[in-house]
Amino acid sequence: MSGTPGQEPAVASAALPTGFATVLMRWQRHSGRHGLPWQGTHDPYRVWLSEVMLQQTQVSTVLDYYPRFLSRFPDVQALARATPDEVMALWSGLGYYSRARNLHRCAQVVVAQHAGVFPSTSSELQTLPGIGASTAAAIAAFCHGERVSILDGNVRRVLTRLLAFDGDLAQAAQQRRLWEIAQTLLPEQPAAGDMVAYTQGLMDLGATLCSRSRPSCAACPVLALCRSGQDGTASRYPVKTRTLKRRHESWWLLLLRSPSDDGTHRVWLERRPNQGIWAGLFCTPVFADEAAALATLPPNTARMRALSPVAHSLTHRELRLHPLLLDLPPSVSPAGADGRWVALGGIDALGLPAPVRQLLVQLPD
DNA sequence: GATGCGTGGGC
DNA sequence: TGCCCAAGCAT
């Protein structure tokens, strides 16, 4: 820590920008985003689904998934009845697959223990699988107007800039401080619709004008109230010491292909362990080195082809994927392997990691 | 409190 | 290419 950190009062309450909530709500109603498919509803199921999909995921990505998922599972009962594999297939490519498992569990808890009705308070919502403090606040504020603050990446950026808050957000204690401050900035006596406009306004401001790089301070509705904006130092915030380290790894993927009776192809897929990367998804056999992959094959592997390596980065790892393609005769199956043949045309119905799906879709002849 | 967990995009 | 980030949560 540097300067005069933790012990100082967060921000003297007299210095909190009065009128912030009022200005923000007015701006949101006039200039915020209104056409997103999960807006304009107070249905907790739809809001919940969107909030979970949007965790650490960009809006443009979720736009591809949300309508499809909602069409297949229009309400919490339909989702609760689904199998885990059905849910995972629709989540495939969206990442952070524990969200999908928790989403399914949550639906089943809501149906079995809450008569199919989501709890209405933020604190009750937080007890459900996959719903943390920020998601619970978003659902409660959007659906019931509860006076509670979210704290996502957008809000962290907006509020640290507004207040010139220089605590290191890599530290949980500083995040808590910021959340307490966020609570004090809420509309004091929110009228109907105010919490929707305020909550959406925080996110809209962070997603548009108060962007990470090159913020548009000159166009900002709260410039007059914004400490860093007045100083021209907005881009210094939020303060966060970086901790992320990526390990480099090489994985060998064994792509076993076999003809079907109808002339199309099948591929050999196994279920990933239920812990770790791509947990519970279907995937080709993975090996730590080429020798290990070769050791599982019958002697005659002359026709095996090494395809071009593919780079794929995850949060904590930089993967170099080495695909090995081998065509097997129809009657042969990999010995001792716990997997199954899947028609290439049918992999849409399975949960697959994004790079594996990509490899299978563009296999050479 | 620190770490693990996907994928796509900006610069 | 590498680094950071995006409507975070669970353990």
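Order of the sequence lines sets the chain letters (A, B, ...), proteins ahead of strands, with each chain counted from 1.
Residue A:V62 is classed as having no contact, given no heavy-atom separation below 4.0 Å to the nucleic acid. Residue A:A311 is classed as having no contact, given no heavy-atom separation below 4.0 Å to the nucleic acid. Among the heavy atoms of the strands, none lies under 4.0 Å from A:L103. Nucleic acid contact for A:W48: none, since no nucleic acid atom lies under 4.0 Å from a heavy atom of the residue. Across all strands, A:R176 comes closer than 4.0 Å only to sugar-phosphate atoms, never to a base (heavy-atom distances).
Under the 30°/60° scheme for interplanar angles, the aromatic rings of A:W91 and A:F69 are found to stand perpendicular. Relative ring orientation between A:W278 and A:W251 is described as perpendicular, the plane-to-plane angle rising above 60° on a 0-90° scale split at 30° and 60°. Ring pair A:W268/A:W341 is perpendicular by interplanar angle, where above 60° counts as perpendicular and below 30° as parallel.
Separating the CG atom of A:L205 from the P atom of C:dA6 is a distance of 14 Å, rounded to the nearest angstrom. When the P atom of B:dG1 is taken as reference, atom CD of A:Q175 falls 12 Å away, rounded to whole Å. Rounded to whole Å, the distance from CD on A:E51 to C1' on C:dA6 is 13 Å. Atoms CD (A:Q126) and P (C:dC9) sit 8 Å apart, rounded to a whole Å. Here C:dA6 presents its P atom at 18 Å from CG of A:L63, a figure rounded to the nearest Å. Nucleotide C:dC9 holds its C1' atom 17 Å from the CE atom of A:M53, rounded to whole Å. Computed from coordinates, the A:K245 NZ to B:dT3 P distance equals 10 Å when rounded to whole Å. Rounded to an integer number of Å, the gap from CD of A:Q171 to C1' of B:dT3 is 16 Å.
Nearest-nucleotide positions on DNA chain C place A:I150 closer to the 5' end than the other of A:G130 and A:I150. Each of A:L128 and A:L36 has a nearest nucleotide on DNA chain C; the 5'-most of these lies closest to A:L36.
Rounding to the nearest 0.5 Å gives a distance of 8.5 Å between CG of A:N154 and CG of A:D204.
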Using a 4.0 Å heavy-atom cut-off, write out nucleotides 4-11 of chain B from 5' to 3' as B (base contacted by protein), S (sugar-phosphate only) or - (no contact).
BBBBBB-S
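Taking the ring centre of A:W38 as origin, the terminal cationic atom of A:R46 falls outside the region bounded by 6.0 Å and 45° from the ring axis.
Going from the C1' atom of C:dA6 to that of B:dG6 covers 12 Å, rounded to whole Å. Taking atom C1' on both nucleotides, C:dA7 is separated from B:dA2 by 23 Å, rounded to a whole Å. C:dC9 sits 15 Å from B:dG1 when the C1' atoms are compared, rounded to a whole Å.
Remark: the backbone N or O of A:F142 is paired with a side-chain donor or acceptor of A:H42 at under 3.5 angstrom. Panel note: side chain A:R157, backbone A:G206; a donor-acceptor pair is recorded below 3.5 Å.
Using a 3.5 Å distance cut-off with no hydrogens or angles, the side chains of A:T57 and A:R99 do pair a donor with an acceptor.
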